[in-house]
Structure formats: structure tokens, C-alpha cells
There are 2 protein chains.
Amino acid sequence: MDQTVRNIKELAALLNISPTTVSRVLNGKADDYRISPATTKKVLDAAREFNYHPNRIARGLRLEKTETIGLIVPDIANPFFAHVAKTIEFEARRNGYSIILCDSLDDIETESELLKLLAGRKVDGIILAPVGTGTGHISEFLKREIPSVVIDRYLPGLDIPSVSTDNYTGAYLATEHFIAAGHSRIACIQGINGISVNTDRVDGYRDALKNHNLTVDNSMIAGDDFGEKNGYDQTVRLLGSECRPTAILALSNLISLGVMRALSEAGLKIPDDMSLVSFDDQPYSAFLASPMTTVEQMKEEIAREAVQILLENINSGRSAGKVNKKIMPELIIRNSVKNMRKIPVRDHSSHL
Amino acid sequence: MDQTVRNIKELAALLNISPTTVSRVLNGKADDYRISPATTKKVLDAAREFNYHPNRIARGLRLEKTETIGLIVPDIANPFFAHVAKTIEFEARRNGYSIILCDSLDDIETESELLKLLAGRKVDGIILAPVGTGTGHISEFLKREIPSVVIDRYLPGLDIPSVSTDNYTGAYLATEHFIAAGHSRIACIQGINGISVNTDRVDGYRDALKNHNLTVDNSMIAGDDFGEKNGYDQTVRLLGSECRPTAILALSNLISLGVMRALSEAGLKIPDDMSLVSFDDQPYSAFLASPMTTVEQMKEEIAREAVQILLENINSGRSAGKVNKKIMPELIIRNSVKNMRKIPVRDHSSHL
DNA sequence: AACTTTTGCACAATCGTTTGCGCATTTACA
DNA sequence: TGTAAATGCGCAAACGATTGTGCAAAAGTT
């Protein structure tokens, strides 16, 4: 019959043996405890026949291990985090772990509560994409000794490994791309000041200018938020400034949406009237009015690295050394940068 | 001192009372069991001071309730599901539940395994966005009597509530929009044949044509997948057909990306050379070469309804009646449809 | 004062596993 | 044949909470 058995005791009773033996067989410890091949087979067959699966809650209680990983992101609707989450979930599952998804709503208070929540749920580890600038709640959390990994950023001063994009190089390459096309008045619309993602990018932008003997004009570095509105506002401001830039480096995809909206309202075209490079490649990037040149972050690689480091720390009982892994981004060149040297630019509009 | 207590026994020992009393106080059952106000206060204070939180695994084992909801989506990187997931997570958390996120990778075999996985993890309920056309594994799963809700689609014949967009009306409105602009050769690039999402949309498209006395040409209903490639392939085919359509209704955002790529490669412009309306509004929809008219699904409402129905079923111990809730979509009119009646179309490019 | 009722809390079982230890029984060896 | 080693498996405690039942001590009643 297609009968079902609810727990190990029932299964043991059916076979006239003890739960101990059943447990040992099912956990592959038959040899260690000298369970006979005959009994072993009997148990395995019965487990299959009666569709028995151990209760993972009871198991978790006994073993103090839930095979569960908490994932906290600022906004799962943000394509970047959604992609990362997808790979994290995949890699985790491949290793027997499930993901508890938490959205911190870009709110540091929520993030703090989520850390406690996950601790209460006894997750075996946490992958955190932190929000904002404060880290007090995180260092507080680290006292609990739950293996954790930070992604997307790194937190100087905290003893926690991280996996993030090499943002410095990304911005450097993008800026160099402008310079190579003959731009010299290049603006940079930044996100939240003070977090590593942002400062690294700004530093890369600055250094690229310097290394090519261009002066860094601080009025060309504007903004304070990764959102669309900031992109819009700063673009409006830049367009009204005395010495209007010819190119804009947008430090997030949302910022670039704001830039495009402002340009569109001002009747300006990309790349003819304004050049634009944006961080974060998107599925639609190739299909914009002008296919956009972007700095693409290697989301899958970030996710894979994060899971791997976390699992190592979980298995080794903590901290296989504090690493700050940087993943190199890729500059995807399309057609949103005007060549100021008047040499015709090949049309890349079909480059995906 | 800022000491911490690991379990209820330690806390009880500290106060010289039994774990029983501590448990009762912390669960708000002090009155039911006549715990004195003095003791109650003592417990509450100590719990706070020593930062005690009950072990949810142990609790889950005893109560047979994990306060956990499984969420299975075909692709969390798809903005539609990412948005829905965000709201589901928020609403669930508001009610004390956490989300275990599972990505079925658009694979029915994986989906089937995930259902078992979640059952083994003793989730209190499941929200499922099903994949493909087979439902055998789902009806098999329903025997486990775990409260569940289907989103994005409905499954005729299965006893499971669902929350989905009123796809029929969405497609009907979009098609009518074409017709109102003077189109009569309107193609429809569809997704997976046989699932409710698709058939409802195709039916809406068909009925809109019929009700306006236009003939339905079956060669104008093409495709069999919600992906970008299908959009591309079918568009290429349609462009090569004898009687080329003047408008395309794309039944998913990915399909419309494929359509755009094919049009772009053929040197055709939207809306001048081809009109396009797509299902699923996206953040970028307003910023495309031509801001796109879309059928927007009310993701948050879908998510909220799904969580609410699920929680009701969980609390009532199953099935508050099988509902098939339909959420009305919204037609967002931008500028991807050419007015064939030669009356100039107002530029909506700044409409967000 | 004797009895009943109320008050205040604790005992011990239970949820479903895992595991250290131990105990028969069989086999090996001299 | 007697003893040592190997074989095969079970007992019972433990993980950390919840809860039906019970039992003293205090308070109330006549």
C-alpha cells in the first residue's frame, strides 16, 4: 500500500527494531555501528516504501543545526539583489541548505531586527547585504558567533568576511572609457556617501581623471542616494550649471533612470547631447533609446563566493580567516557614449 | 551585566522557579494559570535583562508549528516575482512568519522536489507560482494537507485557492487599445500554451477582436514560451509573413524584449513601423526607445491577497473555501502604439 | 476548629531525533 | 572446551520548549 509513516518510531515498530538502528542506517552510520547488511537493506527499503523522511525540526533541535541560511537584502525587487538571491538560493540548496529571505526595506532598524529574528530562528549562517552607514547593530550581532558573510559591500573595522564588486576598478574603467572618447567634463552622480560601494566608485572615478591629467572638479561629483529621484535632481542641477558636463557616470541603475528622465524632459538625446555610463547592467539596457554602456557586476560569482565562504565557516566552526573578496566587474560597451574625437562610432545597438 | 541566557531552564534557575512558570508567563498565559503579578513581573524583567528568546526550533517541534511559509517561484530574478516576493515577505513577517524562498528554475521536476523539501521542513503553508503544464505532483502534494495558495495562475481541477491577474480583461483592454488606434492586423505572441495565464490572455485578445468585428487569424497567434528568444523568433517570422501585422501584443515582458531586438535588427522603429503593447510593466518601460504601453499587474495586491488567504487557512486549520481571486490589471498608456487614423498622437514619453 | 475553596506554582510527559554506552550472542582462537 | 574478540543492536538521556494534572499552602466559610 502507498502508506505513510510519520516518525522514526513507527517505522522502527513496523520492522521490529529500535529507532536507534533506523536512525543510524538512514544517516549512513550503519558501518560505524555494525548494523548488518540485511537490517540495513530492510530499513532503507521500508523508508522508501513508506515514504519516510526525518522530521527536520526535531533533527535541528537535537543537532543544533537547521541547515538554513538567512539572507537579508535591502530590496529584493532590485534586480541586482534578485539575481544574487537566485544564485545564493541555488548554491545553498545544492548543499542541502534552505534560504530564509528577509527584506530590510532599506531600513537600518529593520535590518537590526532581522538579524535578531534570524538568530532566534537558529539559522546556521547569514548572508547580509547591509543598508545605510551604521554598523553598531552588526558588531553587536557578531557577538552571537553566527557565521556570516557580507555581500555587495565591506565593513571596515568589523570582523566579518565580505564579497563585493571591485567598484574602484569598475568606476575607473568607465571613466577611462569616457576619456578615451575625448570627454573631459565628466560628472559623477553618486549614491549614499560614506559606504564602501560609493566611496570606492568615486575614488576610481577620481583616480582615472587624475591619472589622465584631468582636474577633478568637486561640483561634478553630486548626489547622496542610489535612487531614481537623486539621479533626476542632480541631472537637472548639472544641466543648469555654468559649465555643463558632456558625460555622466551614474553610480547605480536607478540613478541612471533618473538621469534619463531628466534628459528626456529637457529634450536632450543620448549620446548626442549627453553621454552616459551606468553601473549595473540590466536586461533592458540593450533596448533603451540608446543602448547603454554599463558596468556589469558579476552577480553570480558574488553569490557563489559568498555561499562558499559561508559554508566553509559553518563547517569549520567559524572564520576561515577574514577575507574581503573583490570581484572584477565588466564594462559592457554599447552606444551611450559620444565620441568627441569626431571619429564615427560604430553602432552597437544590437550588442546584447 | 549584559549577560545572556541560553534556555528557559537557565532563566528559571536564576529566578528559583520552574521552567513551566517562565514559559507560561512569556506566552501570556500567566492569568490562565494563576501566576502572581509579582512572579510575572520578575520573569518578564529577567527575560529582558538576560536577553532571553525562546528557541524557535524547540518551540516548533513541540507545537508542530514553525511560523514559516514556503514560497516557490519559477524565477526570482524575474521582476514580477521579485516584486511579489517582496510584498509576501513583508506581509508574512508582519504576521510573525518567515519566508523560505525556493526558485524552481522554471523546471517542473525541481518544483516537485521543492514541494517535498518544504513539507519536510514542516512549513505551515506554501505559496506556489507553478511552472509548466503538469499538475500531477501538485495534486499529489495536496494530500499532505499543508495549507497552500497558488499565485499568478490557477489550476482548474485542483482543490487549491489561487490569486492571479484577470488576464482575460488585461489582454482584452490592450487589444481594444490597438483597435481604437485603428489597427486591424494585430499579432499576439504567446507564452506556454495550455496554462491559464496564457489561455486567458489569448481568449481576451480573441474576444476583443471578435467583439469589434475583426476576424481572428490564427497565424497571428504565435509562439509557445514566455522567454525572450520566443519573442525574437516569432517576430522574425511575423515580419517575414505575407501579410505583416501592424501591431504586436506581447504576452510577457521578456517576449517584448525579444520583439524589440528583432525589430531593432530589422531596422524598424516603434511605434512608427510597428506598434507594441506588452504585459508586465517594468521600471524601465517608460525609458525605452519608445516608452512602452503595458498591461501592469497589481503585484502587491496579489501578494497581499495570497498571504491573507493562506494565513486564514492556516489558522482555521485548512481551506476557508476554495477561492479563485482575480485581480484587475491596469493598462498604462505610453507611446508604443501608432495611431493609424492619422490623428496625431500626443507624446507621452514623459509619462511614468 | 474543621472543612472547603482558592491561590500559586511544579512534576513529568511529550514533540521526533540522535548518540554514548552497554549487553547479549556469536565467532575465533588456542 | 574455555576464553577472548567480534558482531549486532537496544536503552535511555538529551536537545528546549509546552501543558495536563496535581499538590501544598493560604484564605475563606460556618
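Letters go in sequence order (proteins before strands), and every chain restarts at 1.
- As rounded to whole Å, 13 Å separates atom P of dG8(D) from atom NZ of Lys42(A).
- Within a 6.0 Å sphere centred on NZ of Lys325(B), other residues, nucleotides and ligands contribute 12 heavy atoms or fewer.
- With Thr39(A) as reference, Thr21(A) is the one residue of Thr21(A), Leu44(A), Val22(A) to meet the side chain to side chain contact (heavy atoms under 4.5 Å, CB included) rule.
- With values rounded to the nearest 0.5 angstrom, Ile8(B) atom CD1 is found 10.5 Å from Asn55(B) atom CG.
- Looking at residues two or more places apart in sequence or on another chain, you find a salt bridge (Lys or Arg N to Asp or Glu O under 4.0 Å) between Glu300(B) and Arg304(B).
- As rounded to whole Å, 12 Å separates atom P of dT18(D) from atom CG of Leu11(B).
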Subject >> Base-contact (B) and sugar-phosphate-only (S) positions in nucleotides 12-21 of chain C, heavy-atom cut-off under 4.0 Å, - elsewhere >> reply: BBBBBBBBBB
**OP:** Using the salt bridge (Lys or Arg N to Asp or Glu O under 4.0 Å) rule, take Arg56(A) and Glu67(A) through it: C-alpha gap first, then chi angles, then the decisive distance, then the call.
**Re:** CA-CA 9 Å; Arg56(A) 303 189 74 153; Glu67(A) 290 174 308; 2.8 Å; yes
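- The distance from atom CZ of Arg56(B) to atom C1' of dA17(D) is 13 Å, rounded to the nearest whole Å.
- When the P atom of dC9(D) is taken as reference, atom CG of Leu15(A) falls 12 Å away, rounded to whole Å.
- No salt bridge links Asp159(B) with Lys322(B); every basic N to acidic carboxylate O contact stays at or beyond 4.0 Å.
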Taking only nitrogen or oxygen atoms into account, show me every contact under 3.5 Å that the protein makes with nucleotides 3-7 of chain C, one pair per line with its distance.
none

**OP:** Walk me through it: do Arg94(B) and Glu91(B) pass the test salt bridge (Lys or Arg N to Asp or Glu O under 4.0 Å)?
**Re:** CA-CA 5 Å; Arg94(B) 224 166 47 79; Glu91(B) 290 295 320; 2.9 Å; yes
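- Under 4.0 angstrom from either OP1 or OP2 of dG8(D) there lies no side-chain N or O belonging to Thr39(A).
- Residues Leu128(A) and Glu111(A) form a side-chain contact, since some pair of their non-hydrogen atoms from C-beta on lies under 4.5 Å apart.
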